[in-house]
Structure formats: structure tokens, C-alpha cells
Amino acid sequence: MSKSELDPEFEFDPVFLHSRREAIVIFFIWVTAIIWVVPFCYFQGYGGNVNPESIGMIIGIPTWLFWGVFVPWVVADIFTVWFCFFYMQDDELGEAHEGADIEEELAEMRSANGRSQEGGA
Amino acid sequence: METLLDSSLLFAAGSNSALLTFCLYTLAVFGIAWLSNRLLQSKSFMSEYFLGSRSLGVWAFALTFAATSSSGGSFTGFPSKIYTHGWVLALWIGSYMVVPICTMGLLGKRLNQVARISGAITVPDVIRDRFHSKYFGLLAVSLIVFFMSFNLVAQFKAGSLILQTLLSDVDMFHTASASMFGSLTSAGGMFAGVKPGYLLCLFTFGVAVIIYTTYGGFHAVVWTDVMQGVVMVIGVLIMLPLALYQVGKLAPPDTSSLEYTTREMAKMTPPEPGTATLRLASARGEDLLLRGDTWLPFTGPAADQRLLRLTSSVMIPAGQTEMVGVGILELTAPGDITRKLAQLTPAESDPGIAVEDVVTTPYAYGSAREHAGAFVSAPGPSASDVNGFLPVSLAISFFFMWAISGSGQPSNMVRLMAFKDARTLRLSIFTVAMYYSAIYFPLVIIFCCARLLIPGMEAESDRIMPAMAVYLSENAGVGWLAGLLVAAPFAAVMSTVDSFLLMISSALVRDIYQRNINPAAEEKMIKRLCYLFTLIVGTAAMIGAINPPQFLQDIIVYVGSGLAACFLAPIVYALYWPRANGHGCIAGMLAGFGAHLALYFGGIFANGSFFRPYRIMNFDPIIFGLLVSFATVYVVTKMTPAPPAELVKKYFGKPATRPSMS
């Protein structure tokens, strides 16, 4: 539903707009992670790509896992720091309307009962 | 080097610490429940009982989220898998690098806001209010109760099994279970065939969880999660340097511990399970009990190169000299054999038992010469699958299962409705990301080291966590530490069970009773029902776990992915697409449920079992379920009328333009 389908005064809630933008960024990070990790490990770590006689290692971790999981994990953590401290907005989430849904339903029930009584009369 | 006797004592000492830790732990959670109950006296009861009055701060929110997500499996199943399959588990768990930001960030802020707008307390509440549809709410609550009930029974069973494993060397435990439940289990009925030890653990664990959850509500669950989360990370961070230090003692001077571990693992071949005949030189006057961890150096022609161990305890009755078909595990890697032989005392090296007729089965993947280096490469060794432990299609599936499917779990969503403000959310995402980084990659390193330090544990790999905790702490001269370290699995499973329990009781009291049967119910009545239903649901699940249905572990897997296939797409569209309507989201929920279920039914025809689902292109059914669900919501929504403008304004408009709350 576009803004034009609603009344001209309507404006989207900035919390919704910020949340959606942040969710899209996060989704792309997930896509980046899977595109980095799985193909890299597939080509470097599967089948006969690892020679047990002379296995490559960096700080004791098999090379394919170092570049395929350990490094992207560190990068993901760095990204998380950026996201949490420099990108994500401190939006005002609003007051919780405790019991509002129940009140609304009770009001609807009362009005439905009122209508049926009027109809019956 | 320890003798068999020494190592038995050592394990018993560690397990006594485990018993003491469990008792202290239980006391602590009861204290927390008491404090939480005091909060219930002063606030809006239902919001406090099921949602902690939406007031969780950074530490509480971050650690309850982390602890609930890391189920008991993280501290028993995961270490066991690392030990059994090697370095490839780093890839298996790799998607955890983005799990915190995905599971908390994708939905968190918006879900919290939408729940505040309507006053929603549960996930079905959110759905019902957002689409103003009673029937959609009922559908959501039915699916949650259906899936969660199975899961709750399964988690009770898992918790009891973990406790039983950890206490298996405590004499007092065996005495107590035999005297309390021995006659009950031999009497037949629903207790027939159930082990007394399992029953004792089930009732101890179950009653503790039910009481503190019922009495304290959400805050009790959250605060115990915080305590449990802290225990878990401390346990791992202490174990990592101790494990590397112990391996360092074996390594050559110019080689680092981890480098030595990886190099030795590259030479390893998986041990082979099988059977053998045990023969005594002469008959004995009394029964001979051989413990499950007895080692049997093979006395055949190549005696110096073969080493076997039993896989479970064996009793050779008095007067007999041989036992046929005894379960054994044979080490096949020369390095493992050398290391283990060096740990055995002369008495253990010659237990006076001849081993004959050894028949072993090689691993389906990992034993053959062309699979050399299986423990340091992918897909990793597998006893039963010729494609190995982690084929690449499964590696892709796990990226969906952990990060995406995790976002779709209602138990995670409830927590996202409970944090205090947006600042809490962003600081918590950071905290959980650091927390997972501090736990998961170090766990891989610790249990790769375990392959060198404790060879042959494949026979009882579920015990590798407590075994390693005891080994490390005793060898470091700090035996008391074992109690703290083995507390981590208690912690993990408790924090999962309590949140599931509260979810089901909230579904019954809030979503069914208050919202459909008696919206005008007084708070006093609601309060009684909350206590009553939490107690009843917990007790019913505990009774269900006495003799749980077969395939329970498979049910957990089915439930986890099934919930995501049902809930993720409708919730994402509900939060982020103003055009989304009830028709589309109901269709998407049912389509996700149906598509996922269809692949499991397809497994009956394709693979002969419901729990071996049909996998399209070898991908897990969750991927297909999610795709179908997302596509269905979009298509059906486009084909059906737009939602009422009032509803869109209420949930998507600026606060000033929202319709007034009733």
C-alpha cells in the first residue's frame, strides 16, 4: 500500500522506515557472509583440496578455515560494532498500551451487543 | 599418567563437584524466583509475568537471548560433534558470525514497537492485533501449542539425560535412584523399562524448573538465564587456555599447541566400532564387572599396534570364561594408540582378558585411504553417510537454519518484545555477537584438543564435555573448577526449557482464555490461571517425558524448522509491508507449514521414514518451506483487497496520525 493510497496527510512512522532500512542492510550482510564462507570453504576445504601430509595452517588453524570462517567471523564482528554504534538509530519506540487490545475488543463486543439488541427491539 | 583407578576416582571427584554445583544452582534459581515474584505484586500482572513489563536492560536482554538460543545441545551435542568430526564443525557453526545481528536486528526494533502499539504480550497477540483477525490469532496459537508441546517434552528429556550423564559416576546418585525408583520401574505400567537414574534426574530437574518458572514468571526465567549465560562463557574461557596448555605438554618445543593439534589430527583416522569375544584365562568364583571405559590392548599377532575399548559396561558371570559379541571400539590411528598406551598403567595394559574374533565396521566416509585428513578437511568423517558429515548443500542449509530460521522462532520473538528501548537493542546485539564469538570458535579449538588428550571417547561422545572439564581442571590442580565447568550444560538446558514452558502457558492463558473466552476476566482470576497453567503444562510435559515417544530428537529438528516455515514470512510482511493483509499472511503460514510437512511426508516414500525428509537438491526442507511461505504471502496479498486504511495508519503512520487508542 503506497502513501498515495492513504490520505494526503499520511506520513510513515520514522521508526518503521529506519527499521526497514536496517533490516535490508542486515539481510545483505547475511548474503555477503554466505557468499564468502561457503564457496571459499567449498573450493579450499572440501574433497582432495587439503593435503594431510603438508596441511597449510595459520596460527594452528587450517588455512581454509582461517580465511573461510575465522577471518569473516572477525569481519562480521567489526561490522556488528559499526552497525550497533554508528548506524542503528536510537528510535523512540513509544509507550506500551497495556491492555489496549483487550479494551478494543471489549468495546467492539459491547457495540455488537448494542446493535443486536437494537435490531431485536 | 593416571591409573584406571586413579582416573575413575578423578571422574568421580569431578562428578561430585557436579552434584554440588547442581544443588547450589538449584538454590540460586529458587532465590531468583522469590525475588521475581515480589516484582509481580506491584506491576500489571500479565505483562510482568509473560514479558517482564517490557523493561529488560542490556545485560538481561542480551544474556537471556543468548542463553535461550544456545540450547542444551550447545554444551553436549556440539562438543560431541567437534570431537567426532573434527575441524569441519567450524564451518558447521560458521553462520553464528551473523546470527546475533540477524536474529535480533532483522525484526527486533519493529516487532517491539508494534507490540507496544497494541499492547500485545504474545506472538499470536501481535498477529491478531496487526491484522485485526481473531481467526489468524487462533491459527497462530494452535501452531505454537502443537509444535511447542512436542519440543517441551523433548527438552525435558534432554535435560534429564544431560543430568544423568553428568552424575553417572556419583555413587550416591546410583544408590538414591535405585532406592527411590527401582521398585517403581520394575512394577510395570508407564514406568516399565525406564531407568531409575533417568527418572530421578527427570523429577529433580523437572520439579526445579517448573517451580521457579511458575512462581517467578518471565523475570525469574530472564535472571536465571543471565546467571546461566555468565557460567557458560566463564566455563569456555577457562577451558581454552587449559586445553592448549595440556596439549603444549605433548607438543615439540618449537611447535605451538594448536599447530601440533591440527598436525596430529591430519594423521588421524576414525576409530571403528564393532564386536569382539572376551575370554578369561580361567573361570572366576564371582561375577566380573568391566566398566564401559575399560581398555583392551589386543593380544593378537600385531599386539603393539591394536588397541580396543569397551563401549558399555560388561558383566562376565561367575563360572563363565567368555563373552561373545561384546561392543568395542578400535582405535585405528597409530598416534592415538601411542598416546593412549602411554596413559595406561602396566595393570591397565594387561587386564588379563584375551580379545578374539574382532569384527569392526569402517566409517562410511573417513576410513578409506582417499579420505585421509578427514578430521582437518570438509565434509568431515561420518560413520553412516558416504557423503561425509557436512556435504556443501548442508553447509548452505545451516546458514539458513541458524541465522534465518532462528529469526523465525516464536521463543526468540517474545524476547524481542521485552527489551526496554532501541539503545538496549543495539547494545545487546553487540554483546551477543561478542558472546557467541567468545564461545563457539573457542569450543571448536577446545574439543579438537580433546581428540589428542582423551582418545577413544567416540564410544560415549556425549560425555566429552564433563570428561574434558574434569580432565583439564584436575590436571591443572584445581579440581573444584570441574563443578563450575560442568554447570554449563545444566545452565544451557534449563534456560531453554523455562522459556518454552512460559510460551505454552502464555498461549493458553492469554491467547485462548483471555482473548477468546473471557476478555473481561479480572486480574485476580488471570493471575490464578497463569500460575495454574504453567504448573499444569510443566507437569504434563514432565509426565510425557517419563516414557517419551520414539524419534524425539528428530521431532526437535522438525519443530525448529517447522516453526520458522510457519511464522517468519507472515511476521516479516506484517512488520515491513503496509499492504500485507490477513488473507495473504494466513495463506503464507499454512503454505509454509504444508510445504515443510510435505517434504517430511515425502521422506516416507523416498527414504522410508518421516524423519528422513525428502531433500530437494539435497537442501534441508526449511529452505523450501521458507521460499514457499514468502512467495505465497506476496501472491495472495496482491490478489486480495488491501487492508483497512485505519489499520495501516495505526501500525505504519507517525504517532500523531495514528487513530486514537480505545
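Every chain is numbered from 1 and lettered A, B, ... according to where its sequence line falls, protein lines coming before strand lines. Keep in mind that the numbers below use all heavy atoms, side chains included, and drop hydrogens, waters and symmetry copies.
Although no hydrogens or angles enter the test, the distance criterion places no donor-acceptor pair under 3.5 Å between the side chain of A/Trp30 and the main chain of B/Ser95.
If you measure heavy-atom distances from A/Ile34 to chain B, the contacts under 4.5 Å come from both the backbone and the side chain. Interface remark: A/Glu92 contributes no atoms to any contact with chain B (heavy atom separation under 4.5 Å). For chain A, the nearby part of B/Asn112 is the side chain; its heavy atoms alone come within less than 4.5 Å. In this structure, no portion of B/Leu107 lies under 4.5 Å from any heavy atom of chain A. Only the side chain of B/Leu427 comes within contact range of chain A, with at least one heavy atom under 4.5 Å from a heavy atom of that chain. For chain B, the nearby part of A/Phe79 is the side chain; its heavy atoms alone come within less than 4.5 Å. For chain A, no part of B/Pro100 is nearby; none of its heavy atoms comes within less than 4.5 Å. Neither the backbone nor the side chain of A/Leu17 comes within less than 4.5 Å of any heavy atom of chain B. Using a 4.5 Å cut-off between heavy atoms, A/Met88 contacts chain B through both its backbone and its side chain. With a threshold of 4.5 angstrom between heavy atoms, B/Asp125 approaches chain A through side-chain atoms but not through N, CA, C or O. Of the two parts of B/Phe419, only the side chain, counted from C-beta on, holds a non-hydrogen atom closer than 4.5 Å to a non-hydrogen atom of chain A.
In plain terms, the two heavy atoms of B/Ser118 and A/Ala100 that are nearest each other are O-CB, 3.7 Å. The two residues B/Cys102 and A/Ile26 make their nearest non-hydrogen contact at CA-CG2, 3.9 Å. The minimum heavy-atom distance between B/Trp87 and A/Gly60, with the atom names listed, is CZ2-O, 4.0 Å. Taking all atoms of both residues into account, the shortest heavy-atom contact from A/Val69 to B/Gly94 is CG1-CA, 4.1 Å. Annotation for A/Pro52 and B/Gly373: closest pair CB-CA, 3.7 Å, computed over non-hydrogen atoms. B/Gly653 and A/Phe10 make their closest contact through CA-CE1, 3.4 Å (heavy atoms, listed as atom of the first residue, atom of the second, distance).
With sequence neighbours excluded, the residues forming a side-chain hydrogen bond (donor to acceptor under 3.5 Å, both in side chains) with A/Arg21 are A/Tyr87, listed by chain and number. For A/Trp73, the side-chain hydrogen bond (donor to acceptor under 3.5 Å, both in side chains) test picks out B/Ser437, with sequence neighbours left out.
Counting heavy-atom pairs closer than 4.5 Å to chain A, the top residue among B/Pro379, B/Gly380, B/Ala120 is B/Pro379. Interface check for chain A: of the options B/Lys134, B/Lys420, B/Arg54, the most heavy-atom pairs under 4.5 Å are formed by B/Arg54. With chain B as the partner, the residue from A/Val81, A/Asp77, A/Ile24 showing the most heavy-atom pairs under 4.5 Å is A/Asp77. Between chain B and the residues A/Asp90, A/Leu106, A/Val50, the most heavy-atom pairs under 4.5 angstrom are made by A/Asp90. Top candidate by heavy-atom pairs under 4.5 Å with chain A, chosen from B/Gly108, B/Pro391, B/Gly388, B/Ala374, is B/Pro391. Ranked by non-hydrogen atom pairs under 4.5 Å with chain B, the options A/Ile59, A/Val15, A/Val25, A/Val74 are led by A/Val15. Of the listed residues (B/Ala422, B/Ala266, B/Ala395, B/Ala378), the one with the most heavy-atom contacts under 4.5 Å to chain A is B/Ala378. Between chain A and the residues B/Met434, B/His371, B/Arg426, B/Glu259, the most heavy-atom pairs under 4.5 angstrom are made by B/Arg426. With respect to chain A, the highest number of heavy-atom pairs below 4.5 Å among B/Phe375, B/Phe430, B/Tyr260 belongs to B/Phe430.
Note that the CG atom of A/Asp13 and the CD1 atom of B/Ile117 stand 6.5 Å from one another [nearest 0.5 Å]. Atom CZ of B/Arg263 sits about 3.5 Å away from atom CE of A/Met57, to the nearest 0.5 Å. With rounding to the nearest 0.5 Å, the separation of CD1 in A/Ile55 from NZ in B/Lys267 is 11.5 Å. Separation of atoms CD1 (A/Ile58) and CG (B/Leu258) is listed at 12.0 Å; rounding is to 0.5 Å. The distance from the CZ atom of B/Phe441 to the CG atom of A/Leu65 is 6.5 Å, given to the nearest 0.5 Å. Going from atom SG of A/Cys84 over to atom CD1 of B/Ile101 covers 5.5 Å, rounded to the nearest 0.5 Å.
Comment: A/Glu104 engages B/Lys650 in a salt bridge, judged by a side-chain N to carboxylate O separation of less than 4.0 angstrom. Under 4.0 Å is where a charged nitrogen must lie from a carboxylate oxygen, and between B/Arg110 and A/Glu22 no such pair does.
Taking a 6.0 Å sphere around CZ of A/Phe66, one finds it holds more than 12 heavy atoms contributed by other residues, nucleotides or ligands. Crowding of B/Arg423 atom CZ: a count of heavy atoms from other residues, nucleotides or ligands under 6.0 Å not exceeding 12. Annotation: A/Trp36, atom CH2; neighbour count of heavy atoms from other residues, nucleotides and ligands within 6.0 Å is above 12.
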For this session: Could you please spell out the steps behind the side chain to side chain contact (heavy atoms under 4.5 Å, CB included) verdict for B/Met97 and A/Val37?
Result: CA-CA 10 Å; B/Met97 66 180 73; A/Val37 173; 3.7 Å; yes

Exercise. What do the steps show when you test B/Leu390 against A/Tyr46 for side chain to side chain contact (heavy atoms under 4.5 Å, CB included), and what is the final call?
Worked result: CA-CA 10 Å; B/Leu390 190 71; A/Tyr46 272 76; 4.1 Å; yes

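Side-chain atoms of A/Asp91 and B/Gln113 include no donor-acceptor pair closer than 3.5 Å.
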